[in-house]
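Structure record follows, encoded as structure tokens.
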There are 2 protein chains.
Amino acid sequence: MALEHAILGFLSRDPMTGYDLKTRCFDDGAGHLWTADQAQVYRTLDRLSREGRVRSRLVPQRGKPDRKVFSITHKGRRALETWLRDPEDPSPVRDPFLLHILLSSDLPDGEIIAQLERARGQYQQRLDDLRGRARTEVDAWERATRRSRDAELRRMTIAASVAAARTSIDWIDDSIERVSKGLPAPPSDAARGTDGGIG
Amino acid sequence: MALEHAILGFLSRDPMTGYDLKTRCFDDGAGHLWTADQAQVYRTLDRLSREGRVRSRLVPQRGKPDRKVFSITHKGRRALETWLRDPEDPSPVRDPFLLHILLSSDLPDGEIIAQLERARGQYQQRLDDLRGRARTEVDAWERATRRSRDAELRRMTIAASVAAARTSIDWIDDSIERVSKGLPAPPSDAARGTDGGIG
DNA sequence: GATTTTTATAGGACTTGTCATATACTCGTC
DNA sequence: GACGAGTATATGACAAGTCCTATAAAAATC
């Protein structure tokens, strides 16, 4: 549902192909807060086309497949505006890494710390990526008429991602410290009944 | 994929029914970091059963439907341990609210602020919920043998969620301030071509 | 000259997750 | 006594998303 509106949002700035949407808008422009599968982009464009929210025209090229340039229709613009005004309820949290930690009581302390350290590295990498994004004024964004307003909003969302990654790293550091002091011991194997017995 | 292992993890603590898993383990115990759909829980239990990772026995009850009590098998325990040792790569971020903000340049500043304020309230609510969770030693957790180790890990994950929510609120406050100062103006309607023209 | 990357679109198979609905009985409350 | 909430399991229909593969040719790199 979000993908659909993101596509309308990007097309409302500039007509472009599915390929442009995937690479320039999603991967480069919004990759810090949303990912899009290539197949999903094309399928969604197809559906939006059938629904009359976007339309396409074919631009022939020599050698390469025709460019299928999509643009937003009036109907699509109305749908986008409705979505923009409709407040976004925060989706329930699903954090596979935290779930992993939550269930890790069978792992020895040392391995929990190793998991935390690995995750720390990955959040660090994410920060590096975000630093790169902050430097890059994205092409599709730059070309758009509303350059500076869009750019400012993009900066804001990158700041949010940076803050989130930093918070995760801080939490990991605290947690490594906590686990290093020794977590309460797990119960002995004997106390655990695989298959749960009968009684 | 995560749901499957979470179920194995919970069952490795205590044999229980699908209903218990959904309500006590997911909603009450892990709801701050993972949500599970009831239908999905039963379907996954079914599949795990067919794969020999869990088994069930029927406990007849008067009036109510039979309790189908699931317990983890040796095979299931091995699968769980493999998963626990296998580091969890952080999944790509998908934040519908940030996406919404990113695409909001068509909204006037005041409406962007309203969106931010609404989200602030919801993160505040999340904090309240987390405070409740921090107070509650969960039933299923309490009954488990490894009480204190599990409880400590759970406390850690709640701390992570609290920190994340606080960070979001701080970011929102900063952003409200930023937008209040006035974002660069959007382009006039005339500068935007619905349907993209031909050139 | 051979391989890889980039540009460009698209379908098949699959997994995961959501929503609605059905059954069925108990217990508390208004 | 009606009504809703809690306990308990399950299916059908569907939406959303991922992974893999295929096609096709130019341009860049080794």
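All figures in this text were calculated on a predicted structure; none of them were measured in a lab. Letters go in sequence order (proteins before strands), and every chain restarts at 1.
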_Positive for salt bridge (Lys or Arg N to Asp or Glu O under 4.0 Å) with E152(B), one of R149(B), R154(B), R155(B)_ =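 So, applying the salt bridge (Lys or Arg N to Asp or Glu O under 4.0 Å) to E152(B) and each of R149(B), R154(B), R155(B), only R155(B) qualifies.
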_Summary of ring pair (Phe, Tyr, Trp, His ring centres under 6.0 Å) pairs that have at least one residue in residues 81-110 of chain A, sequence neighbours excluded_ =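 Ring pair (Phe, Tyr, Trp, His ring centres under 6.0 Å) check on residues 81-110 of chain A returns H5(A)-W83(A), W83(A)-H100(B), H100(A)-W83(B).
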May I ask you to decide whether [X] forms a salt bridge with [Y], counting only side-chain N to carboxylate O separations under 4.0 Å?
X	Y	value
R131(B)	D128(B)	yes
R47(A)	E4(A)	yes
D89(A)	R118(B)	yes

*By side chain to side chain donor-acceptor pair (under 3.5 Å), which residues pair with R120(A), not counting sequence neighbours?*
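D173(A).
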*Residue of the set D14(A), I7(A), L8(A), L48(A) for which side chain to side chain contact (heavy atoms under 4.5 Å, CB included) holds with I72(A)*: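 With I72(A) as partner, side chain to side chain contact (heavy atoms under 4.5 Å, CB included) holds for just one option, L8(A).
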Using whole Å, what does the distance between atom [atom2] of nucleotide [N] and atom [atom1] of [X] come to?
X	N	atom1	atom2	answer
R24(A)	dA8(C)	CZ	C1'	12 Å
F26(B)	dT16(C)	CZ	C1'	14 Å
L45(B)	dT16(C)	CG	C1'	15 Å
L21(A)	dA8(C)	CG	C1'	13 Å
M16(B)	dT9(D)	CE	P	12 Å
D27(A)	dA8(C)	CG	C1'	15 Å
K22(A)	dC19(D)	NZ	P	10 Å
Q38(A)	dA22(D)	CD	C1'	11 Å

Tabulated below should be each protein N or O lying under 3.5 Å from an N or O of nucleotides 15-17 of chain D; please produce it.
from    : atom 1 : to     : atom 2 : distance (Å)
dG17(D) : OP1    : R94(B) : NH1    : 3.2
dG17(D) : N7     : Q40(A) : OE1    : 3.1

*Not counting sequence neighbours, which residues clear side-chain contact (heavy atoms from CB on, under 4.5 Å) with D129(A)? List them please.*
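Expected list: R133(A).
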*asked:* Taking any heavy-atom pair under 4.0 Å as a contact, classify A39(B): base, sugar-phosphate, or nothing.
replied: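 Base contact.
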_Applying salt bridge (charged side-chain N to carboxylate O under 4.0 Å, His left out), can you list everything that pairs with D37(B), at least two apart in sequence or on another chain?_
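Applying salt bridge (charged side-chain N to carboxylate O under 4.0 Å, His left out) to D37(B) gives none.
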From [options], pick the nucleotide closest to the side chain of [X]?
X	options	result
T35(A)	dA8(D), dG12(D), dT18(D)	dT18(D)
Y42(B)	dC19(C), dA10(D), dA10(C)	dA10(D)
K68(A)	dA8(D), dA8(C), dT9(C)	dT9(C)

*Taking only side-chain nitrogens and oxygens of T17(B), does any of them come within less than 4.0 Å of OP1 or OP2 of dT9(D)?*
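It does, given that an N or O in the side chain of T17(B) lies less than 4.0 Å from OP1 or OP2 of dT9(D).
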*Rounded to 10°, tell me the angle between the two end axes of the helix from dG1(C)-dC30(D) to dC30(C)-dG1(D), each built from five pairs.*
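Axis angle across the helix from dG1(C)-dC30(D) to dC30(C)-dG1(D), nearest 10°: 30°.
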*Return the 5'-most residue of the pair P92(B), T23(B) with respect to DNA chain D, ranking by each residue's nearest nucleotide.*
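Here T23(B) is the residue nearer the 5' end.
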